[in-house]
Trainee: 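Below you will find the structure I want to go over with you.
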Amino acid sequence: MAGLFEILCACVVILYLIYRYVTADFDYWTSRGINGPKPIPFFGNVAKFMMGKKSLGDMYKEIYVQYPTESVVGVFLRGRPVLLLRDPKYIKQVLIKDFATFIERSTFINDKAEPMSMHLFRLDAVRWRPLRTRLSPTFTSGKLKDMFHLLLNCADYFEKYLDKKVSENGVVECKDLTSKFTVDVIGSCAFGLEMNALKEENNEFQKMGRYIFRANTAIVFKSMLREIPWVYKNFGHIFDDHKVTKFITDITRNTIEYRKKNNIRRHDFIDTLIDLKDNPDKLGFNNVTDEFIAAQAFVFFAAGFETSSTTMSCAMYELALNQSIQDKVRKEIKEVLNSSDGVILYDDIKKMSYLEKIFQETLRKYPLVMFLMRRPIRNYTFEGTKIDLRKGQEVIIPVYGIHNDPNIYPNPEVFDPERFSPENMEQRNSMYYLPFGDGPRNCIGARFAAYQTKVGLIKVLMNYKINVCEKTQIPIVLAPQSPLTLQTTHGIYVKLTKLI
């Protein structure tokens, strides 16, 4: 009995020490006079996410709403204190004014544990800066204009696919429909490949895109694993998506080898990657492996696939619910295209100001990246305050919370494109609208995403009336197991009726 008692006592002591360890910093924010929700041992303030009940973006929105008078809120990611920013002054300091200090994102990467993590979105500052400089010319307005005819070719196939696939009852799942279009656009414009998602059912590229953005318990666990660097470094490779890594690496390597063998130059994204692979000195580091090059292809494929298809789907959903808005934008599109005999010209897109407002309002209500994170590379104090951050201590910018704040956007649940009239935008702080981030580390493909989305919507609106149907989920419910991007629990269904 004495031995059993000693074992029990030892277990109690060990549990107590673990408890003390994981709660050691729990007075961090209160001791500094910063308010925030009370953390839970082992979970901090993200218990609902870790238990698969709520997405991280939704959780940060919930915290944002709880403290309407605070400029910053103290939050804990498990046991780690991070700072959630509400005041646009501080957001601007992080993203723009003091960007040199906040150049790092919060995510840890490891070349061996997760090869596809070495991409532009997540890279450390040392590798990010030269890579961004080399990739930026691929995304200029001039480059986009040069590849616009490729986008239109995909749009024509999309139109034919709609004619063939829209059944008699007209009910379609928007994400499945639009992702076929975005996969073909990315393939043609960036990789010089015919991915044939609009020609083939169960297309491999479309299936891979869905797989990358799946939301399940394993994804939650992997996201948590990245928060513990030594565990991630030593065991992360076990949870790497080997299927994705092999698929993207093989496609990229084979495409590059084919072009070099046949002396093919298209002055596109792949050509830029070939140049980087052959001339690593331009990046200032030598470990430009096949996996590193493939990781850049991976993020462009993944982002192009997901962002535009989700934005198109959410826009179609809102237009189905708001027929007067749908009628107005269709009228605008017809008026602009009438001047060019129905042909979509590159410069015509800029003339469709109401379509632009719809695009912006869709991303306001449904921001694809629901929050941003940055960490300082040195100790930092916010200007005019005593709010200090230690080197490496993350800040959270709750984009989804800001975009749905009734004090910034009255009646945020209402879809109102006029929020983005020049007059309304002028009166609103620019830090209150961040669908593509801001500052030097904003989304490099924002312009491409906008054109891709708008051209796809034009093809739908010029040929079909969009309505709700019995399968339409109202309102859209967000997937609880998504760590970063906005995803839904249910397909986005609408009814398409052919216009006569």
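Just the heavy atoms: all of them, side chains too, but no hydrogens, waters or symmetry mates, feed the values below.
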Trainee: Sub-3.5 Å donor-acceptor pair from the side chain of Glu104 to the main-chain atoms of Arg375, do we have one?
Mentor: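 It does not hold such a pair.
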Trainee: Got a sec, which residues hit side-chain hydrogen bond (donor to acceptor under 3.5 Å, both in side chains) with Ser55, two or more places apart in sequence or on another chain?
Mentor: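 Listed in chain order: nothing, the list is empty.
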Trainee: Identify the two heavy atoms, one from Asn404 and one from Arg364, that lie closest to each other, and give their separation to 0.1 Å.
Mentor: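 Nearest pair, atom of Asn404 first, then Arg364: OD1-NH1, 3.6 Å.
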Trainee: Under the side-chain hydrogen bond (donor to acceptor under 3.5 Å, both in side chains) rule, collect the residues that match up with Asp275, sequence neighbours excluded.
Mentor: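 Here the qualifying residues are Asn279, Lys282.
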Trainee: For Asp388, what residues pass the salt bridge (Lys or Arg N to Asp or Glu O under 4.0 Å) criterion, not counting sequence neighbours?
Mentor: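 None.
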Trainee: For a 4.5 angstrom cut-off between non-hydrogen side-chain atoms, does Tyr317 reach Ile474?
Mentor: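 Touching, per the 4.5 Å side-chain cut-off.
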Trainee: What I want to check is whether the side chains of Thr311 and Thr362 have a donor and an acceptor closer together than 3.5 Å.
Mentor: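 No, no side-chain donor-acceptor pair sits under 3.5 Å.
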Trainee: Got a sec, which residues hit side chain to side chain contact (heavy atoms under 4.5 Å, CB included) with Pro130, two or more places apart in sequence or on another chain?
Mentor: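 Partners of Pro130 by the side chain to side chain contact (heavy atoms under 4.5 Å, CB included) criterion, ordered by chain and then number, come out as Leu283, Phe285.
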Trainee: Give, for atom CD1 of Ile186 and atom CD of Glu306, the distance between the pair rounded to the nearest 0.5 Å.
Mentor: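 Taking CD1 in Ile186 and CD in Glu306, the distance rounds to 12.0 Å.
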Trainee: So does Phe292 get a backbone contact from the side chain of Gln296, meaning a donor-acceptor N/O pair under 3.5 Å?
Mentor: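 A pair under 3.5 Å: yes.
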Trainee: Distance only, no hydrogens: is a donor on one side chain within 3.5 Å (strictly under) of an acceptor on the other, for Thr272 and Arg134?
Mentor: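 The criterion, which ignores hydrogens and geometry beyond distance, is not satisfied for Arg134 and Thr272.
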Trainee: How long is the straight-line distance from CD1 of Ile396 back to CD1 of Ile91, given to the nearest 0.5 Å?
Mentor: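 The CD1 atom of Ile396 is 12.0 Å from CD1 of Ile91, to the nearest 0.5 Å.
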Trainee: Partners of Lys92 by side chain to side chain contact (heavy atoms under 4.5 Å, CB included), sequence neighbours excluded?
Mentor: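 Lys92: side chain to side chain contact (heavy atoms under 4.5 Å, CB included) contacts with Ile96, Met431.
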Trainee: Measure the spacing between CZ of Phe269 and CZ of Phe301 and express it to the nearest 0.5 Å.
Mentor: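 Spacing of CZ (Phe269) from CZ (Phe301) equals 12.5 Å.
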Trainee: Looking at Phe99, I'd like to know if the NZ or CZ of Arg374 sits under 6.0 Å from its six-membered ring centre while staying within 45 degrees of the ring's axis.
Mentor: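 Relative to the ring axis of Phe99, which defines the angle, Arg374 lies outside at least one limit.
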Trainee: Which of parallel (below 30°), tilted (30 to 60°) and perpendicular (above 60°) describes Tyr346 and Tyr451?
Mentor: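 The rings of Tyr346 and Tyr451 lie parallel, inter-plane angle below 30°.
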Trainee: Looking at Arg86 and Pro398, would you say the former's side chain and the latter's main chain have a donor-acceptor pair under 3.5 Å?
Mentor: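 No, because the side chain of Arg86 does not come within donor-acceptor range (under 3.5 Å) of the backbone of Pro398.
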Trainee: Quick check: does any side chain N or O of Arg105 sit under 3.5 Å from a backbone N or O of Arg122, one acting as donor and the other as acceptor?
Mentor: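 No; zero donor-acceptor contacts below 3.5 Å.
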Trainee: Measure the spacing between SG of Cys314 and CG of Leu368 and express it to the nearest 0.5 Å.
Mentor: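 The CG atom of Leu368 is 7.5 Å from SG of Cys314, to the nearest 0.5 Å.
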Trainee: By side-chain hydrogen bond (donor to acceptor under 3.5 Å, both in side chains), which residues pair with Glu318, not counting sequence neighbours?
Mentor: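 Glu318: side-chain hydrogen bond (donor to acceptor under 3.5 Å, both in side chains) contacts with Asn322, Lys365, Tyr366.
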Trainee: Grab the two heavy atoms, one from Val399 and one from Leu434, that are nearest each other, plus how far apart they are.
Mentor: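 So the minimum-distance heavy-atom pair works out to CG1-O, 3.8 Å.
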Trainee: Would you mind reporting whether Met50 and Arg78 have side-chain heavy atoms less than 4.5 Å apart?
Mentor: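 Yes. Closest side-chain heavy atoms under 4.5 Å.
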Trainee: Can you name the nearest heavy-atom pair linking Tyr400 to Gly57, along with the distance?
Mentor: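 Nearest pair, atom of Tyr400 first, then Gly57: CD2-O, 3.9 Å.
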Trainee: Which residues pass the salt bridge (Lys or Arg N to Asp or Glu O under 4.0 Å) test with Asp146, not counting sequence neighbours?
Mentor: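 Salt bridge (Lys or Arg N to Asp or Glu O under 4.0 Å) check on Asp146 returns nothing, list empty.
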Trainee: Take Lys454 and Glu356, measure what salt bridge (Lys or Arg N to Asp or Glu O under 4.0 Å) needs, and give me the verdict at the end.
Mentor: CA-CA 8 Å; Lys454 290 176 185 177; Glu356 167 66 9; 2.3 Å; yes
Trainee: Any side-chain hydrogen bond (donor to acceptor under 3.5 Å, both in side chains) involving residues 412-422? Give me the pairs, sequence neighbours left out, ordered by first then second residue.
Mentor: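 Qualifying pairs: Lys357-Glu418, Glu361-Arg419, Ser421-Glu423, Ser421-Asn424.
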Trainee: In the structure I gave you, are the side-chain heavy atoms of Phe436 and Ile444 within less than 4.5 Å of one another anywhere?
Mentor: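 The answer is no; the side chains never approach within 4.5 Å.
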Trainee: Applying side chain to side chain contact (heavy atoms under 4.5 Å, CB included), can you list everything that pairs with Thr30, at least two apart in sequence or on another chain?
Mentor: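 Thr30 satisfies side chain to side chain contact (heavy atoms under 4.5 Å, CB included) with Asp27 only.
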Trainee: Indicate the atoms forming the closest heavy-atom contact of Gly456 with Phe158, along with that distance.
Mentor: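 Looks like O-CE2, 3.7 Å.
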Trainee: Thr485 side chain to Val369 main-chain N or O, any donor-acceptor pair under 3.5 Å?
Mentor: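 It does not hold such a pair.
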Trainee: Heavy atoms, side chains only, cut-off 4.5 Å: are Val494 and Leu496 in contact?
Mentor: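 A side-chain contact exists here, since the closest heavy-atom pair is under 4.5 Å.
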Trainee: Does the cation-pi check pass for Arg447 over Phe139, that is, NZ or CZ under 6.0 Å from the six-membered ring centre and within 45° of its axis?
Mentor: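 Not flagged: Arg447 not positioned over aromatic ring of Phe139.
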Trainee: Do the side chain of Trp29 and the main chain of Val73 share a donor and acceptor less than 3.5 angstrom apart?
Mentor: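 Pair absent, no side-chain N/O of Trp29 close to backbone of Val73.
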Trainee: Closest heavy-atom contact between Leu389 and Phe382?
Mentor: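 Closest approach of Leu389 to Phe382: CD1-CE1, 3.7 Å.
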Trainee: Anything under 3.5 Å between a donor and an acceptor, one on a side chain of residues 63-70, the other on a protein residue two or more places apart or in another chain? List them.
Mentor:
unit_1, atom_1, unit_2, atom_2, d
Tyr64, OH, Asp405, OD2, 2.6
Tyr67, OH, Gly36, O, 3.1
Glu70, OE2, Asn35, ND2, 2.8

Trainee: For the residue pair Ile466 and Gln323, what are the closest heavy atoms and their distance?
Mentor: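 Distance-wise, the nearest heavy atoms are O-NE2, 2.8 Å.
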Trainee: When you measure from the side chain of Asn379 to the backbone N and O of Lys391, does any donor-acceptor pair fall under 3.5 Å?
Mentor: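 Yes; judged by distance alone, with no hydrogens or angles, the pair exists.
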Trainee: Answer yes or no: is there a side-chain heavy-atom contact under 4.5 Å between Phe49 and Tyr60?
Mentor: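 No - every pair of side-chain heavy atoms lies 4.5 Å or more apart.
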Trainee: Does the side chain of Asn45 reach to within under 4.5 Å of the side chain of Lys38, using non-hydrogen atoms?
Mentor: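 No. Closest side-chain heavy atoms not under 4.5 Å.
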Trainee: Between the side chain of Asp268 and the main-chain N/O of Asp271, is any donor-acceptor distance below 3.5 Å?
Mentor: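 The answer is yes, because a donor-acceptor pair under 3.5 Å joins these two groups.
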Trainee: Do side-chain atoms of Lys54 reach the backbone of Leu478 as a donor and acceptor pair under 3.5 angstrom?
Mentor: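 Not at all, since once roles are kept as given, no pair shorter than 3.5 Å links the two residues.
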Trainee: Does the gap between the ring centers of Phe448 and Phe300 come in under 6.0 Å?
Mentor: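 Yes: the rings meet the under 6.0 Å criterion.
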Trainee: Once salt bridge (Lys or Arg N to Asp or Glu O under 4.0 Å) is applied, do any residues pair with Lys350, and if so which ones, sequence neighbours excluded?
Mentor: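 Here no residue qualifies.
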Trainee: Can you confirm whether Glu173 sits close enough to Lys471 that some side-chain heavy atom of one is under 4.5 Å from a side-chain heavy atom of the other?
Mentor: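 Answer no - side chains too far apart.
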Trainee: Who are the side chain to side chain contact (heavy atoms under 4.5 Å, CB included) partners of Met462, not counting sequence neighbours?
Mentor: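 Here the qualifying residues are Ile333, Lys334, Leu337, Ile458.
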Trainee: Starting from the C-alpha separation in whole Å, work towards a yes-or-no answer on side chain to side chain contact (heavy atoms under 4.5 Å, CB included) for Lys459 and Ile344.
Mentor: CA-CA 10 Å; Lys459 286 295 186 180; Ile344 305 174; 4.1 Å; yes
Trainee: Cationic tip of Arg32 within the cone over Tyr28's six-membered ring, i.e. under 6.0 Å and within 45° of the normal?
Mentor: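 Judged by the rule (NZ or CZ under 6.0 Å from the ring centre, within 45° of its axis), Arg32 counts as positioned above Tyr28.
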Trainee: Nearest 0.5 Å, please: how far is CD1 in Ile270 from OG1 in Thr252?
Mentor: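 Rounded to the nearest 0.5 Å, the OG1-CD1 separation comes to 5.5 Å.
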Trainee: Answer yes or no: does atom NZ of Lys143 have more than 12 heavy-atom neighbours from other residues, nucleotides or ligands under 6.0 Å?
Mentor: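 Yes, NZ of Lys143 has more than 12 neighbouring heavy atoms, counting only those of other groups under 6.0 Å.
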Trainee: Check whether any side-chain heavy atom of Met116 sits under 4.5 Å from a side-chain heavy atom of Thr249, and report yes or no.
Mentor: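 In short, these two side chains touch, coming nearer than 4.5 Å.
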Trainee: Taking Lys89 first and then Glu383, would you say they form a salt bridge - that is, a charged N and a carboxylate O separated by under 4.0 Å?
Mentor: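 No, Lys89 and Glu383 are not salt-bridged.
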Trainee: Quick check for you: to the nearest 0.5 Å, what is the distance between Met373 atom CE and Leu84 atom CG?
Mentor: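 Nearest 0.5 Å value for the CE-CG distance: 9.5 Å.
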Trainee: For a quick check under 3.5 Å, do Thr310 and Lys175 share a side-chain donor-acceptor pair by atom type?
Mentor: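 The criterion, which ignores hydrogens and geometry beyond distance, is satisfied for Lys175 and Thr310.
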Trainee: For Tyr380 and Gln93, does a side-chain donor sit closer than 3.5 Å to a side-chain acceptor?
Mentor: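 Result is yes, a qualifying pair exists.
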